[in-house]
Number of protein chains: 2
Amino acid sequence: MNIKEASTQTGVSSAAIRYYEKESLIPPIDRTEVGNRDIDERILRRIRFVTQMRAAGMSIESLRRYIELFDAQEDNTKEQKALLQAQLAVMEEKRDDLQAAIDHLNYKLNHFYDHMVTTEEELRALERQHVDKME
Amino acid sequence: MNIKEASTQTGVSSAAIRYYEKESLIPPIDRTEVGNRDIDERILRRIRFVTQMRAAGMSIESLRRYIELFDAQEDNTKEQKALLQAQLAVMEEKRDDLQAAIDHLNYKLNHFYDHMVTTEEELRALERQHVDKME
DNA sequence: TTAAACCTTAAAGCGCACTTCAAGGCAAGC
DNA sequence: GCTTGCCTTGAAGTGCGCTTTAAGGTTTAA
C-alpha cells in the first residue's frame, strides 16, 4: 500500500505519516525497489495508535519516549508498567477536567430553561444568574 | 489586587492575563490612577473560566466568539443555547476519545499481568499479544 | 513524448498560544 | 539619590506539530 492509500485509510496526511516516521513514532517503513514506502497493516495500526494518543493530548515527545521504551528489546516490564500507569493518570486527570468543564456548561444550559418559569423567587434567582452569566 | 497577585491566585502568568484581556477573553480591567490593572473577584472568576475551557481544549478564537455572544446586550438566547450545545458536543466527543485511549492503555496494562499465568493456551495468547504489544 | 499522478528528500513556512524583551514609569526603603 | 520591585506597552521571539515548497524520480496512458 502506498502512502496515499495509507493516508486515506487512516485520515492522517501523507506528510504527517512521513513526519511520524522521522520522529520514530512509527517503525521504519519498508520501501519498494524505487524507494517508495510500502505500508502494511502493522504500520496502519501504529498510525492509528499514534492518532489516538495524540487526540488524547499526548505530546510527540512523550509519545516518542513511550514508544521507544516499548520497542526496546530488553525486558523493561517494570518501567513499561510505570510509564503506562503514569500516562493513564495524566489522561484520567485530563478526562476529569474535561468532565468538569462539561458539567459547567450543562449547568449554564439548564439555567436557560429558567426563562420559562415565573415565580417571584425564581425570577430573582434568574436575575442573579444573569449578572454572572459567564461564571 | 495587582496582576502579580491575580497571577498567584489563578496560576495564570501575568503576561497571559494581559494577553487574555487583549484578546477579549476577559472584560476590560479597571486601572488605578497610575494605569495599573486592579483585578477584582469577577475578573478572577473569568480567568478561571477561561483556564477551564482552555484546559478542555477550546481554542482562543472559539472562546472569544463564545464570550462575545454571551456578553452582548441583545437577547441571543437561541444562539447562546445553540453555541453552548455545540461546544458541549465537541467536548463530549473529546472526552469519549480520551476515554477510548484510557481503555486502550488499561487493556495493555492488564495484559502485563498475563506474564504471571502459565497455562499453554494463555502462553500462546501471550505470544500473540507480545508481537502486537504496541497496538 | 509528453502529461498526469504518484512518489522521494530537505528545508522553509505557518498558526497558535503564549513568553520574553526592551524601554520606561511609579512607590518604598536605605 | 539610588536600588528594588512592582507596573506599563508594543514588538519580537519561541516551541509545537505539522504543512508547504522545491527539485527531482518513476510509472501509466494517450
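Lettering of chains follows the sequences in order, A, B, ..., and the numbering in each one begins at 1. Everything quoted here is computed from the prediction, not taken from an experiment.
- Under the side chain to side chain donor-acceptor pair (under 3.5 Å) criterion, B:Q99 pairs with A:R95, B:D103, not counting sequence neighbours.
- Remark: A:A16 pairs with A:V12, A:S13 by the side chain to side chain contact (heavy atoms under 4.5 Å, CB included) rule, at least two apart or across chains.
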List the atom pairs, donor and acceptor, that lie under 3.5 Å between side-chain atoms in residues 87-94 of chain B and the rest of the protein, sequence neighbours left out.
none

Distances under 3.5 Å between protein N/O atoms and the N/O atoms of nucleotides 17-23 of chain D, please, pair by pair.
residue, atom, partner, partner atom, Å
D:dG17, OP1, A:I60, N, 3.3
D:dC18, OP2, A:Y20, OH, 3.1
D:dC18, OP2, A:R54, NE, 2.7
D:dC18, OP2, A:R54, NH2, 3.2
D:dT19, OP2, A:S13, OG, 2.6

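- For DNA chain C, the span of nucleotides reached by chain B at under 4.0 Å from its heavy atoms goes, 5' to 3', from C:dA17 to C:dA27.
- Here salt bridge (charged side-chain N to carboxylate O under 4.0 Å, His left out) pairs that include residues 48-65 of chain A, with residues two or more places apart or in two chains, are A:E61-A:R64, A:E61-A:R65, A:R64-A:E68.
- Judged as a side chain to side chain donor-acceptor pair (under 3.5 Å), and not counting sequence neighbours, the contacts of A:S62 are A:S59.
- Here the side chain of A:Q80 pairs a donor or acceptor atom with the backbone of A:L69 at under 3.5 angstrom.
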Exercise answer: donor-acceptor pairs, residues 30-37 of chain A side-chain atoms, under 3.5 Å, sequence neighbours excluded:
residue, atom, partner, partner atom, Å
A:R31, NE, A:I29, O, 3.3
A:R31, NH1, A:G35, O, 3.1
A:T32, OG1, A:N36, N, 3.2
A:T32, OG1, A:N36, O, 3.4
A:R37, NE, A:E21, OE1, 2.6
A:R37, NH2, A:E21, OE1, 3.2

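- Residues that satisfy the side chain to side chain contact (heavy atoms under 4.5 Å, CB included) test with B:S14, not counting sequence neighbours, are B:I3, B:S7, B:R18.
- Spacing between atom CZ of B:R18 and atom P of D:dA12 amounts to 18 Å, rounded to whole angstrom units.
- Taking the side chain to side chain contact (heavy atoms under 4.5 Å, CB included) definition, one finds that A:D96 meets it with nothing, sequence neighbours left out.
- One interatomic measurement links the two molecules: CD1 of B:I39 to P of D:dC6, which rounds to 15 Å at whole-angstrom precision.
- When every heavy atom of B:L44 is checked against every heavy atom of B:M1, the shortest pair comes out as CD1-CE, 3.7 Å.
- Between B:R42 and B:P27, the closest heavy-atom pair is NH2-CG, 3.4 Å.
- Using bins of under 30°, 30° to 60° and over 60° for the plane-to-plane angle, the ring pair B:Y66/B:F49 lands in the parallel bin.
- Of the residues in residues 30-38 of chain A, those lying under 4.0 Å from DNA chain C by heavy-atom distance are A:R31, A:G35, A:N36, A:R37.
- For B:S24 against B:I67, the heavy-atom pair with the smallest separation is O-CG2, 3.9 Å.
- Comparing the helix axis at one end of the helix from C:dT1-D:dA30 to C:dC30-D:dG1 with that at the other, each defined from 5 consecutive pairs, gives an inter-axis angle of 20° (nearest 10°).
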